[in-house]
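Reviewing the structure listed below.
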Amino acid sequence: MTREKRFGALAADARWQAAWAAADSFRAHDDGDKPKYYVLEMFPYPSGRIHVGHVRNYTMGDVLARFKRMTGHDVLHPMGWDAFGMPAENAAMEKGVHPGGWTRDNIAAMRGQLKRLGLAIDWSRELATCEPDYYGQEQALFLDLHAAGLVMRKESYVNWDPVDMTVLANEQVIDGRGWRSGALVEKKKLSQWFLKITDFADELLDGLGALDQWPDKVRLMQENWIGKSQGMEFSFRFVGGEPAFDVFTTRPDTLFGASFAAISPDHPLAAKIAENAPDLADFIAHCRRQGTSAAEVETADKLGFDTGLAVENPINPNQHLPVWVVNYVLMDYGTGAIFGCPAHDQRDLDFARKYELPVIRVVADGDDSDAHFTSDTAFTGAGPIVNSHFLNGMSIDAAKAAIIARAEHDDWGRDTTVWRLRDWGVSRQRYWGTPIPFIHCPACGVVPVPKDQLPVVLPEDVTFDVPGNPLERHMSWKHVACPACGGAAVRETDTLDTFVDSSWYFLRFASAPADRPFDAETVKKWLPVGQYIGGIEHAILHLLYARFWTRALAKIGLIDVKEPFAALFTQGMVTHETYRRTGTNEPVAMDGEGDFERDNAPSVKWLSPDEVEKRDGGVFERATGAPVEVGRVVKMSKSKKNVVDPDAMIEQYGADAVRWFMLSDSPPERDLPWSEAGIEGAWRFVQRLWRLFGQAEQTGEGGDDVALARKLHQAIAGIAGDVEALHFNKAVARVHALANDVEKAAPSASRAQACAALVRLVAPMMPHLAEEAWAGLPPELRETLLVADAAWPVADPALLVDDSVTIAIQVMGKLRDTITLAKGLDRDAIEAAALAAPRIAALIAGTTLKKVIVVPDRLVNIVL
RNA sequence: GCGGAUGUGGCGGAACCGGUAGACGCAGCAGACUUAAAAUCUGCUAUCCUUUUGGGUGUGCGGGUUCGAGUCCCGCCGUCCGCACCA
């Protein structure tokens, strides 16, 4: 074929994407002898269009997948759609389209965009969570978990929007109002489905220790989220002996320092007392109105209401503690009640000072063991116990053990572990989600749908002209016969939280039989995922839920893996400069993806990158010529208009230039600032490589060029190591450096080999360019039809080390000269050469050498 | 408040186990080619002093350890992220 002077990316992209599809290049094989490797990127929500963040995410995974293929692995690299969720319903309400049609159209559009990136994906395994063949299997798993006792129903409060007649997530409640309707949100008690993730709290916490290929940050976040606290739970009795309430404490050692007992405004006891105490009822109502935002909590005063009741301190029944209702005690942690020990807890101290309650020291602070505590800063450090009878002199830990032993012996308290982690409420009063496969029968109660009646298909003939969940109004779907008694019954109209859908999709990718969720044997071949890549925003919920499902399914014997993701990588965001023109009056924007932006002042008009032009050292609005202020580099968002459409970029520069730019410069875990100059630079490099690849047959007169061969082989090993470690920016730098070296070298057999080898080295990152160049190589240089099937070059160990080294010579730690010596010389030889170097000899002439430090093959430091 | 990360040229960043700081890229400057432009190629590009040679300074700030510190230790400062009245 005649070689084009320029690499025509657009035509080449399409040609090679078609060639891979025709050859079925990226099908993952369940059988075969090759080692298996599972590369997974978090599957996208089909919002409509791919954004640059997706491109970065999937490019990284793709480079790893292609590299693993070249190094002899059978690679599973699948793609699918997290297709249920609210935006589809919002679109339905706003635009009058059907959520299903909207979602499926989006999937089709986004699939096309992903394919134009040239991703090495096994599309035969594609799935969408909104299709019955997926969610039907999810229903089956849900029934299995239910049968195993891991699913339960209980009453729980939800945020209820009375205008939209819908339940809102916490993030959708802004200043107490529904984000869409603006109506005041009510707390509504509903009977809901829960998954018993708390049964696995210990396991999920312990399991983090083995996840050594996860970022410490994520492990720590999960640890905090699970929030294990060990302490003591004990019961108070009212003065006179009537049982009062239970409290939890992590500091039982300070019980002798108690000066009051406090219960939450939401505590049942508070409600009971309030029945006959209007003042308290008012106080409780006041507390409930209190904001829960970070700033409000920070500044909120400690408020209390003295009930007039008193309880006995169980360790010292003669001491009576007043019972207060207190705004800083939370009902949903521990037992919703505490004992207050002001000397050793800052909150209790603030409270005690305000209401003039006693403050008794029970832990000595150095020499200070005075029971009368005077500071306004609680002492939370270590020290011997004081003023505490039989605990005196003990360490905190010993005192804890002693008092728990006493409490257990006397039967008023026990050793307890409390978790921050709550059971996972999975009910959503929403249409566009997985129907929960249960039926409510007036006679039999809540009855599971028999498995042979699965899937419970979500009816598509619904409308959104009336507020509320259309499933509630769909009579032919809702009304069914009870599977147990055959009587009239109704279906559960709640659907599952979409986090359930994403908690097992990686199993379905590995194995997707038609008649069950997955095949355990096949799952075992692929799992755990070798490398999982996604955004840090999923550090807690998705990753914790996926770990929980995997463990739960393992516990009930469906799979043989406990942790789904052996290695996790959280990539940074793609950012961009912002442009704004001040002085205009634009309404505040609301992000279509549900990002409610409240921080931009109404007088600012944001401009998109293609609405501005850079000239004469300034930035101006294209339409008006008005000067534009260049703002901070921030995450791309619709409201700031600093988004770049990847499709347009691929169209303009080709997939490989876009991929290359995504991998360049910024380390993958950090934010990547998108710039016009950067993508153009990537495009120029694609063209430069193309020209270089054309020289793979120019051997010139020269024979071997050992220096260049060394550089090539060092690059082979270096790039492999960098890609394996996901240090793509370093791999990119090495490719650049090697290309520079090859370009500068005189024609030789070695140079021709390097040109040919470079094709393979860039194949994972720039696959279309590589295929095009590969096809142009002489047949004897390519053992496969496609470079996608070629092997990674083998680095020759003999060429990985240089035969000469540059040695730095320092005098008193300052660099004064360098010399080039043969590698591996002994210390004496190096020292002699260093001292003989002309500039050094001049510097040290007439002085006495105190010491000469020689680091072989590296440096010499002369101490005068 | 608690926990974590991070700080290197105009910019993104590199630097192994403490051993030549600034690789590679972007931007910029100068030159070559061209009627011209684009493209491409070549060179320069931390900073200060010096004509050059060369020298001083320099990895957020202040100390310390060491023959030698971006890297280790102590104390600050800034930025970002997570959690947050969690008993």
Side-chain angles (χ1 to χ4, degrees), chain A residues 5-6 215-225 227-229 231-233 247-252 254 262 264 290 292-294 296-303 326-330 332-341 344-348 350-351 418-420 536-537 539-540 575 633 660-661 664-667 669-673 675-682 684-685 687-688 691 721 727 729-740 743-744 806-818 839 850-864:
Chain A
K5 272 201 158 144
R6 282 205 169 193
D216 290 343
K217 180 191 171 89
V218 174
R219 290 195 288 179
L220 189 70
M221 282 165 75
Q222 293 214 349
E223 190 182 320
N224 291 338
W225 187 262
K228 183 178 188 174
S229 292
M232 180 174 83
E233 190 173 301
V247 300
F248 171 75
T249 178
T250 55
R251 294 295 302 272
T254 63
S264 166
Q290 246 178 9
T292 50
S293 75
E296 287 167 316
V297 168
E298 186 85 18
T299 54
D301 278 336
K302 303 281 182 284
L303 296 176
V326 157
N327 67 337
Y328 68 87
V329 175
L330 307 174
D332 56 4
Y333 185 80
T335 61
I338 62 164
F339 79 85
C341 176
H344 306 291
D345 182 291
Q346 189 60 47
R347 295 156 303 173
D348 293 346
D350 293 344
F351 185 78
V418 159
W419 304 86
R420 209 191 85 107
I536 186 72
E537 67 273 18
I540 296 175
T575 59
V633 177
W660 188 250
F661 179 54
S664 300
D665 294 349
S666 290
E669 68 278 9
R670 282 201 222 167
D671 288 353
L672 169 72
S675 73
E676 201 66 18
I679 179 68
E680 275 173 14
R684 282 200 300 271
F685 188 66
Q687 297 300 335
R688 203 171 133 211
R691 290 192 293 275
H727 296 163
N729 57 320
K730 295 189 208 172
V732 163
R734 281 187 207 271
V735 170
H736 269 288
L738 180 62
N740 290 345
E743 273 180 349
K744 287 193 174 73
T806 306
I807 291 179
I809 310 175
Q810 299 178 339
V811 177
M812 299 300 288
K814 284 193 186 296
L815 181 72
R816 295 300 175 194
D817 205 355
T818 58
R839 291 186 41 207
K850 245 187 218 156
K851 200 171 175 188
V852 177
I853 284 138
V854 177
V855 183
D857 295 339
R858 279 227 103 114
L859 109 172
V860 176
N861 190 11
I862 298 161
V863 187
L864 299 176

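The sequence lines fix the lettering, A, B, ..., with proteins before strands; numbering per chain opens at 1.
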Its glycosidic angle compared against 90° from 0, C17(B) adopts the form syn

Classified by glycosidic angle (syn within 90° of 0, else anti), G9(B) comes out syn

Students often get this wrong, so: under 4.0 angstrom with heavy atoms, is [X] touching a base, only sugar-phosphate, or nothing?
X: Ser666(A); value: sugar-phosphate
X: Val329(A); value: base
X: Val855(A); value: base
X: Asn861(A); value: base
X: Ile853(A); value: base
X: Thr806(A); value: base

State, with a plain yes or no, whether a side-chain heavy atom of Thr575(A) is found less than 4.5 Å away from one of Pro673(A).
yes

If we only count heavy atoms from C-beta on, is the Arg251(A) to Thr254(A) side-chain gap below 4.5 Å? yes

OP1 or OP2 of [N] sitting under 4.0 Å from any side-chain N/O of [X]?
X: Arg858(A); N: C16(B); value: no
X: Lys814(A); N: U57(B); value: yes
X: Ser229(A); N: A87(B); value: yes
X: Asn740(A); N: G25(B); value: yes
X: Arg219(A); N: A5(B); value: no

Should the pair Trp660(A) and Phe685(A) be assigned to parallel (<30°), tilted (30 to 60°) or perpendicular (>60°) ring geometry? parallel

[X] side-chain proximity, nearest of [options]:
X: Leu859(A); options: C85(B), G19(B), C26(B); result: G19(B)
X: Leu815(A); options: A87(B), U20(B), G13(B); result: U20(B)
X: Thr250(A); options: C67(B), A87(B), U20(B); result: A87(B)
X: Arg670(A); options: G55(B), A14(B), A87(B); result: A14(B)

*With no hydrogens and no angle check, is any side-chain donor or acceptor of Arg816(A) less than 3.5 Å from a backbone partner on Arg839(A)?*
no

In this structure, how many angstroms lie between the [atom2] atom of [N] and the [atom1] atom of [X], rounded?
X: Asp332(A); N: A87(B); atom1: CG; atom2: C1'; answer: 13 Å
X: Glu676(A); N: C11(B); atom1: CD; atom2: C1'; answer: 16 Å
X: Ile540(A); N: C83(B); atom1: CD1; atom2: P; answer: 5 Å
X: Leu330(A); N: C85(B); atom1: CG; atom2: P; answer: 6 Å
X: Asn327(A); N: C86(B); atom1: CG; atom2: P; answer: 12 Å
X: Arg251(A); N: A87(B); atom1: CZ; atom2: P; answer: 11 Å
X: Asp350(A); N: A87(B); atom1: CG; atom2: P; answer: 16 Å
X: Asp817(A); N: G54(B); atom1: CG; atom2: P; answer: 10 Å

What interatomic distance, in whole Å, is found between [atom1] of [M] and the corresponding atom of [N]?
N: G31(B); M: A37(B); atom1: P; result: 12 Å
N: C86(B); M: G3(B); atom1: P; result: 14 Å
N: G9(B); M: C24(B); atom1: C1'; result: 14 Å
N: G70(B); M: A21(B); atom1: P; result: 8 Å
N: A87(B); M: G18(B); atom1: P; result: 38 Å
N: G78(B); M: G13(B); atom1: P; result: 22 Å
N: A15(B); M: G22(B); atom1: P; result: 13 Å
N: U65(B); M: C73(B); atom1: C1'; result: 7 Å

Regarding Arg219(A) and Asp216(A), does a basic nitrogen lie under 4.0 Å from an acidic carboxylate oxygen? yes

Tell me the partner of [N], counting only Watson-Crick (N1-N3 plus N6-O4 or O6-N4) or G-U wobble (N1-O2 and O6-N3) with both under 3.5 Å; none if nothing fits.
N: C24(B); answer: G12(B)
N: G3(B); answer: C81(B)
N: A36(B); answer: none
N: C29(B); answer: G43(B)

Under 3.5 Å, which protein N or O atoms sit close to an N or O of nucleotides 78-81 of chain B? Give each pair with its distance.
| residue | atom | partner | partner atom | Å |
| --- | --- | --- | --- | --- |
| C81(B) | O2' | Lys217(A) | NZ | 3.2 |

Would you mind writing out the side-chain donor-acceptor pairs for residues 806-815 of chain A within the sub-3.5 Å range, not counting sequence neighbours?
none

Across all chains, not counting sequence neighbours, the ring-ring contact (aromatic ring centres under 6.0 Å, His included) partners of Tyr328(A) are Phe351(A)

Ordered by number, residues from residues 730-738 of chain A within less than 4.0 Å of RNA chain B (heavy atoms) are Lys730(A), Ala733(A), His736(A)

Just the atom pairs and distances: protein N or O near nucleotides 40-45 of chain B's N or O, under 3.5 Å.
| residue | atom | partner | partner atom | Å |
| --- | --- | --- | --- | --- |
| U40(B) | O3' | Arg691(A) | NH2 | 3.4 |

The side-chain hydrogen bond (donor to acceptor under 3.5 Å, both in side chains) partners of Lys228(A) (sequence neighbours excluded) come to Asp202(A)

